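What's counted below: heavy atoms across the whole structure, side chains too, no hydrogens, waters or symmetry copies. The shown structure was predicted, so the numbers you read here are calculated from the model rather than taken from an experiment. Residue numbers count from 1 along this sequence.
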Amino acid sequence: MPFDPPDRFNIADYFLTDRLAEGRADRTAVLTADRAYTYAEIDELANRYGNLLLRSGVRPEERVLMALPDGPEIVAAIFGTLKIGAVVVMLNPHLRPDEIEYFYDYTGGAVLLVDGDRAPFFRKVAEDVKAAGAGGRAPRDVFVVDGPAWLERLDATPPDLETVQTHPDDAAIWLFSGGTTGRPKAVVQTHASFANTTECYAREVIGYTEDDITLSVPKLFFGYATGSNLFFPFAAGGATALFGDRCTPDVLLDAIERFRPTILVNVPTMIQQMLAAGGLEDRDLSSLRLATSAGEALPAELHARWNEVVGVDLLDGLGTAEMWHIFLSNRPGDVHPGTLGREVPGFEVRVRDDEARDVPDGEVGWLWVRGASRALGYWRASRKTAEAFRGEWYVSGDMIVRQPDGIFRYCGRGDDMLKVKGKWLSPKEVENCLVGHPGVAEAAVVGAENDEGLVRPVAWVIPSSPDRRPAADSLEATADAAAALADELRAHVASTLASYKAPAVIHVVTELPRTHLGKIDRGKLRRLS
């Protein structure tokens, strides 16, 4: 059921402090390669972080930037910030200098928390912005959380802190759009939203329990992981396993064997890489009771391979930062590969045309969704807010189909859909077909105009065989290898789909460009096409 918050409500209590009141203080909350942390220890560390932020002058509603790897420090930073009524703004620690400068200026963050490895990069940008003196903004303080100065102050800081009783509609965390069509926009999300999706999705669909241990491919700065790998297990009294290393198939599989998670928070790209690497049959995945997939569409062919090799329920779903987290999902024991499943309880999803009229089942239309996890809007983007938030509804820009059985299928972003020879073409359909070929590990399809100004589909593929991949220092494979694979793939698509859906050009590459959230950067591919 939708969450009905009290008049004063702070999710630092809902997700963390309440576990102590329930008698779970000594239960494991966070697992790392070094040690396990109890709920009491995480709460104490969060209190110390909150007290240090207060002493540095951070006030309620100010933004606290954090560019931290996954570990107890970012967990303490999140809850310490929330406890003092400030707003959490998590950044990818591996941003480029120009991206760091953008986020500094756009967010107006009061302070930054960063680790020693990345501190020189973030600090230099802050110093350059201040030295330029041309109206750019940078945090007034940069704190290195594993540096001696911070650690010394942390040890001397009181471990007790009373949580500020914020309003349920106060901003709690800023989440960012993928940035595939421009600079990322900040989605201002409330305390109430995070609790609502926890009640509707985590409790009613996934069924998190105190015995669950979660492990995630995406890092905590990504809203999908913030929920599935921190807030949701904490709400149930379970545990999260965190590692700061870059996620590769070997790193992930080693972590599964070390931490013994029950829930794996995954994404299609890593699922593909795990299966392509081989050897899954020789790894111990017996602790898993289910895995989730989100962030990008999960091809049915890839899902079928997972089922064949791993055999654990893989729940594909769709969510957005604007309606925080998942509102369409498959369910344990009720999985339909190639689909998004059904509405999460507490959310209503409609498929509508350009005039906001409901379309019949089986027809493609725009996704409209409403529920109690709706964001306040986009930061400093009133026009985009008005376009996307219409009364109770959020219009996502995604195109979907509702089947007669109430199951939804994803077609693609509206700005990714192509009109080819007068007919709608879903890039996802072509990508799924390409991935179904044994020679393809990953694929992306975008639209590009030919010399006559007509749109045609263009594919970018990563071969599954190392022998057919381009050299590491080359954008594309050799001409002969690329042409041979392209011919195979065109024939494969033509034999499976309507002829107009076959890519006019197929690029064979070693990698695909990605956004700060790790999604395929389709805007860049369109420019390259």
Side-chain angles (χ1 to χ4, degrees), residues 61-67 86-110 112 125 136-139 169-191 193-194 197 218-227 294-296 318-327 366-371 373-399 412-416 513-527:
E61 300 186 16
E62 282 194 309
R63 275 82 69 194
V64 174
L65 307 182
M66 47 194 79
V87 180
V88 173
V89 181
M90 289 177 282
L91 304 178
N92 184 340
H94 299 285
L95 294 172
R96 301 189 309 266
D98 63 308
E99 294 172 324
I100 295 172
E101 183 176 355
Y102 166 75
F103 280 110
Y104 279 171
D105 186 63
Y106 176 58
T107 65
L112 168 72
V125 174
R137 296 190 294 177
D169 292 337
D170 282 347
I173 301 177
W174 283 15
L175 304 166
F176 290 96
S177 65
T180 59
T181 57
R183 290 291 198 178
K185 304 184 296 295
V187 178
V188 182
Q189 271 293 9
T190 69
H191 288 264
S193 287
F194 292 99
T197 298
K219 300 303 182 182
L220 290 180
F221 69 83
F222 189 6
Y224 170 35
T226 309
E296 295 178 284
L318 176 67
T320 65
E322 293 86 350
M323 289 296 294
W324 186 67
H325 218 277
I326 305 297
F327 49 78
W366 299 99
L367 187 157
W368 288 55
V369 57
R370 66 178 173 184
S373 297
R374 180 185 178 281
L376 297 176
Y378 299 118
W379 180 250
R380 292 185 172 173
S382 59
R383 182 176 299 176
K384 291 185 180 297
T385 297
E387 292 172 355
F389 297 92
R390 307 186 193 181
E392 296 179 293
W393 296 91
Y394 165 62
V395 185
S396 72
D398 295 294
M399 302 197 81
R413 293 285 302 172
D415 47 14
D416 293 334
R514 298 189 179 275
T515 71
H516 72 113
L517 291 180
K519 298 182 179 182
I520 294 173
D521 190 339
R522 296 177 184 276
K524 186 171 183 179
L525 288 181
R526 280 192 288 269
R527 292 191 294 274

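Here Phe389 contributes atom CZ and Met323 contributes atom CE; the two are 8.5 Å apart, rounded to the nearest 0.5 Å. Considering CG of Leu318 and CD of Glu296, their distance stands at 12.5 Å, rounded to 0.5 Å. One finds the CZ atom of Phe103 at 10.0 Å from the CG atom of Leu65 (value rounded to the nearest 0.5 Å). One finds the CD1 atom of Ile326 at 9.0 Å from the OG1 atom of Thr320 (value rounded to the nearest 0.5 Å).
Side-chain contact between Leu367 and Phe327 is present, with at least one heavy-atom pair separated by less than 4.5 Å. You'll find the side chain of Asn92 stays beyond 4.5 Å of the side chain of Phe176, heavy atoms only. The side-chain heavy atoms of Trp174 and Gln189, taken from C-beta on, include no pair separated by under 4.5 Å. Taking the side chain as every heavy atom from C-beta outward, Tyr104 and Arg137 never approach each other to under 4.5 Å.
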Item to complete: Mind running side chain to side chain contact (heavy atoms under 4.5 Å, CB included) on Met66 and Val88 for me, showing each step along the way?
Response: CA-CA 8 Å; Met66 47 194 79; Val88 173; 4.0 Å; yes

Discussion item. Checking Asp521 against Arg514 for the salt bridge (Lys or Arg N to Asp or Glu O under 4.0 Å) test, could you report, in this order, the C-alpha distance in whole Å, the side-chain angles of both residues, the deciding distance, and whether it holds?
Written reply: CA-CA 5 Å; Asp521 190 339; Arg514 298 189 179 275; over 6 Å; no

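Side chain of Arg374 to backbone of Gly391: a donor-acceptor contact under 3.5 angstrom is found. Between the side chain of Thr190 and the backbone N or O of Asp170, no donor-acceptor pair lies under 3.5 Å. With hydrogens and angles ignored, the 3.5 Å screen pairs no side-chain donor or acceptor of Arg63 with any backbone N or O of Val89.
Across all non-hydrogen atoms, the minimal contact from Leu525 to Ile520 is CD1-CG2, 3.9 Å. Leu376 approaches Asp169 most closely through the heavy-atom pair CD1-O, 3.7 Å. In terms of heavy-atom proximity, Gly223 sits nearest to Leu175 at CA-CD2, 4.0 Å.
Checking Glu387, Glu322, Lys185 one by one against Tyr378, the side-chain hydrogen bond (donor to acceptor under 3.5 Å, both in side chains) holds for a single residue, Glu322.
Side chains of Thr197 and Ser373: a donor on one and an acceptor on the other come within 3.5 Å.
A parallel orientation is assigned to the rings of Tyr106 and Tyr102, their planes being inclined by less than 30° (bins at 30° and 60°).
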